[in-house]
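Notes follow once the structure below has been shown.
One-based numbering along the sequence shown.
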Amino acid sequence: MAQNNHTPFLKKMLIEFMAEPDPLYAMLEWLTNELMKLEAENKVGAHKGEHCPTRTTHFSGTRVRRFDTRLGTIYLLVPKLRKGGYIPFFVTERKRSEQALLQVVQEAFINGVSTRKMERLAQSLGIESLSAGQVSEITKDLNEQVEWFRTRPLEKEYPVIWVDALYEKVRCERHIISMAIAVVQGLTSEGNREILAVEPMYAESEDTYTHLFEQLKSRGVETVWLCISDAHTGLKNAIQKCFLGSSWQRCKVHFMRNILVHIPHKEKESFAAKLKQIWYQPDQECAKQYALLVIQEYRDRFPQAIALLEEGLEDSLQFLAFPHLDQRKISSTNSLERIHKEIRRRTRVVGIFPTTDSYLRLVTSYLIEYTEDWMSSKKYISSEAITEQQAELLKIA
């Protein structure tokens with residue numbers, strides 16, 4: 001019945017909004033005012049002008065507060081209270097990634113980077129301008145969250161970790177450089193994914209990756225069963241040095257790309273189809289036997305490609321030693337690359353980052369959100385499968 005009573009009122013409001021130049025903006029403006037009115041009255045304990053024994057304070061006019069949204073900038077008339085003060089809940093509740101993007105825009109202005117481009121970016125977000133006070137508050141909160149996330153304690157055991165890097169252009173003093181951020185994704189014993197590390201790197205080398213993995217160990221990581229990455233020599237050596245007793249899986253997708261570089265264009269499709277079958281085999285022995293057939297068939301025609309295949313075959317088949325885990329998910333870094341692709345789609349609008357901190361802050365903010373979503377979503381690999389695989393590994397040991 002209550003719903004029916006409100007229907008005429010809602011229809012009337014919708015008709016009024018439709019007549020506005022920007023209906024969605026008008027609806028948001030009305031909604032924010034109604035939310036503030038309701039929240040403030042609950043805090044006061046009475047309606048405005050109402051005599052009530054439960055009243056805790058009184059209204060004392062309004063103050064204008066700027067509120068930037070993706071629909072545009074709204075100037076809120078925030079109720080003032082004589083005691084206690086009042087800040088609307090939706091003003092403080094912002095997504096980390098949006099806060100980080102606002103910070104990137106402001107830092108670009110401060111550092112004089114592509115001013116016109118950053119103005120267009122701000123306007124595309126519905127932001128007229130950003131004040132230094134807004135940026136200071138945003139930065140302080142974000143920096144604390146990012147620092148906590150990057151240094152938080154970790155579990156002792158992660159059955160699987162994936163390692164890959166993002167690249168963006170960053171302004172460093174008067175130069176623009178290509179900078180990497182190494183990202184480590186882990187599989188917990190319960191079967192959830194988790195971002196373990198986000199580390200900026202000026203150069204990918206054995207030393208930088210060794211430092212990254214030593215940091216993981218200092219935060220609590222002791223055991224890793226399987227490390228998945230591309231065949232970067234420094235990365236591979238660092239994994240072998242820091243995680244003794246773990247297996248290294250060469251990403252089969254990167255491996256295939258490396259091999260196909262040496263195949264003529266007209267032959268790529270047919271050769272790739274046969275190459276893929278190597279990693280579809282049920283176990284390592286079958287995979288090696290099938291690979292031998294491919295090697296014998298193409299050795300004379302594509303000697304460089306076959307030489308690469310022979311050299312890296314063993315490392316690309318390590319995932320088959322973990323039969324209880326979903327082998328599609330542990331044979332490549334695709335799960336991490338999909339996340340990187342999504343982040344790049346969002347960072348593309350920035351172009352050149354004004355500082356290393358702004359780059360790190362924005363990427364980490366997105367990764368925090370992914371990790372939180374994973375904790376409440378379906379398990380990436382079932383905990384039962386992980387337990388079965390652990391029991392098998394203990395038998396072998």
Side-chain angles (χ1 to χ4, degrees), residues 146-147 149-168 170 177-189 193-259 308 311-322 325 329-340 343 356 359-360 363-364 367 370-371 393 397:
V146 166
E147 181 62 21
F149 184 77
R150 294 182 61 226
T151 59
R152 73 193 189 281
L154 300 174
E155 297 178 11
K156 290 184 177 181
E157 184 174 67
Y158 287 89
V160 183
I161 65 170
W162 295 259
V163 186
D164 199 10
L166 276 162
Y167 297 87
E168 294 286 354
V170 179
I177 63 172
S178 178
M179 186 173 183
I181 286 188
V183 180
V184 180
Q185 172 186 275
L187 177 72
T188 67
S189 298
R193 282 185 294 171
E194 180 181 348
I195 298 297
L196 307 183
V198 189
E199 186 68 22
M201 292 181 175
Y202 288 99
E204 285 191 272
S205 66
E206 182 176 340
D207 290 339
T208 55
Y209 277 112
T210 298
H211 175 70
L212 169 63
F213 296 139
E214 289 298 335
Q215 282 188 322
L216 288 180
K217 292 167 72 174
S218 69
R219 291 164 58 196
V221 179
E222 296 179 2
T223 305
V224 175
W225 304 350
L226 181 66
C227 304
I228 307 167
S229 73
D230 61 18
H232 187 284
T233 304
L235 173 53
K236 178 182 176 181
N237 292 342
I239 289 173
Q240 294 172 340
K241 180 191 299 184
C242 297
F243 295 115
L244 297 175
S246 66
S247 299
W248 175 62
Q249 165 64 34
R250 181 173 183 173
C251 173
K252 69 176 185 182
V253 176
H254 284 89
F255 188 34
M256 280 189 62
R257 290 173 188 163
N258 294 339
I259 294 172
L308 276 177
E311 179 187 355
L313 179 64
E314 191 74 36
D315 290 328
S316 73
L317 297 176
Q318 291 305 300
F319 72 98
L320 291 171
F322 300 85
L325 306 184
K329 297 175 179 178
I330 64 169
S331 58
S332 71
T333 58
N334 276 2
S335 63
L336 200 48
E337 290 224 5
R338 280 193 290 270
I339 296 169
H340 289 179
I343 292 175
T356 301
Y359 177 31
L360 180 63
V363 170
T364 307
L367 293 173
Y370 279 113
T371 297
L393 291 174

query: Can you find a pair of side-chain heavy atoms, one from Tyr359 and one from Pro200, that are under 4.5 Å apart?
result: no

field: Heavy-atom closest contact (Ala182 atom, Met201 atom, distance)
entry: CB-CE, 3.7 Å

Nearest atoms (heavy-atom pairs only) where Ile343 meets Tyr370: CG1-CE1, 4.3 Å

task: Report the C-alpha separation of Asp315 and Phe255 in whole Å, then their side-chain angles, then the decisive distance to 0.1 Å, and conclude whether the side chain to side chain contact (heavy atoms under 4.5 Å, CB included) test is met.
output: CA-CA 10 Å; Asp315 290 328; Phe255 188 34; over 6 Å; no

field: Of Val163, Asp164, Leu336, the residue whose pairing with Val183 passes side-chain contact (heavy atoms from CB on, under 4.5 Å)
entry: Leu336

task: State, with a plain yes or no, whether a side-chain heavy atom of Glu337 is found less than 4.5 Å away from one of His254.
output: yes

- request: Taking all non-hydrogen atoms of both residues into account, name the closest pair between Gln249 and Ile330 and its distance.
  value: CG-O, 3.6 Å

query: Mind checking whether Cys242 and Glu214 have side chains closer than 4.5 Å, heavy atoms only?
result: yes

Under 3.5 Å, which donor-acceptor pairs link side chains of residues 152-161 to any protein atom two or more places apart or in another chain?
from: Arg152; atom 1: NH1; to: Phe149; atom 2: O; distance (Å): 2.6
from: Arg152; atom 1: NH2; to: Glu194; atom 2: OE2; distance (Å): 2.8
from: Arg152; atom 1: NH2; to: Ile195; atom 2: O; distance (Å): 2.6
from: Glu157; atom 1: OE1; to: Gln390; atom 2: NE2; distance (Å): 3.2
from: Glu157; atom 1: OE2; to: Trp225; atom 2: NE1; distance (Å): 3.3
from: Tyr158; atom 1: OH; to: Glu155; atom 2: N; distance (Å): 3.1

- prompt: At what distance, to the nearest 0.5 angstrom, does CG of Leu320 lie from OG of Ser247?
  reply: 11.5 Å

- prompt: With a 4.5 Å heavy-atom cut-off, do Leu235 and Phe213 have their side chains touching?
  reply: yes

- prompt: At their closest point, which heavy atom of Ala165 faces which heavy atom of Tyr209, and how far apart are they?
  reply: CB-OH, 4.3 Å

- prompt: How many angstroms lie between CD1 in Ile228 and SG in Cys251, if you round to the nearest 0.5 Å?
  reply: 8.5 Å

query: Given side chains that start at C-beta, do those of Met256 and Ile259 come closer than 4.5 Å, heavy atoms only?
result: no

message: Between Thr333 and Val253, is there a side-chain heavy-atom distance shorter than 4.5 Å?
response: no

message: Are the side chains of Leu212 and Thr208 in contact, using a 4.5 Å heavy-atom criterion?
response: no

- prompt: Can you name the nearest heavy-atom pair linking Val221 to Phe243, along with the distance?
  reply: CG1-CE2, 4.2 Å

task: With rounding to the nearest 0.5 Å, note down the distance linking NZ in Lys329 to CG in Asn334.
output: 12.5 Å

query: Would a 4.5 Å heavy-atom cut-off, applied to side chains only, mark Arg250 and Gln318 as touching?
result: no

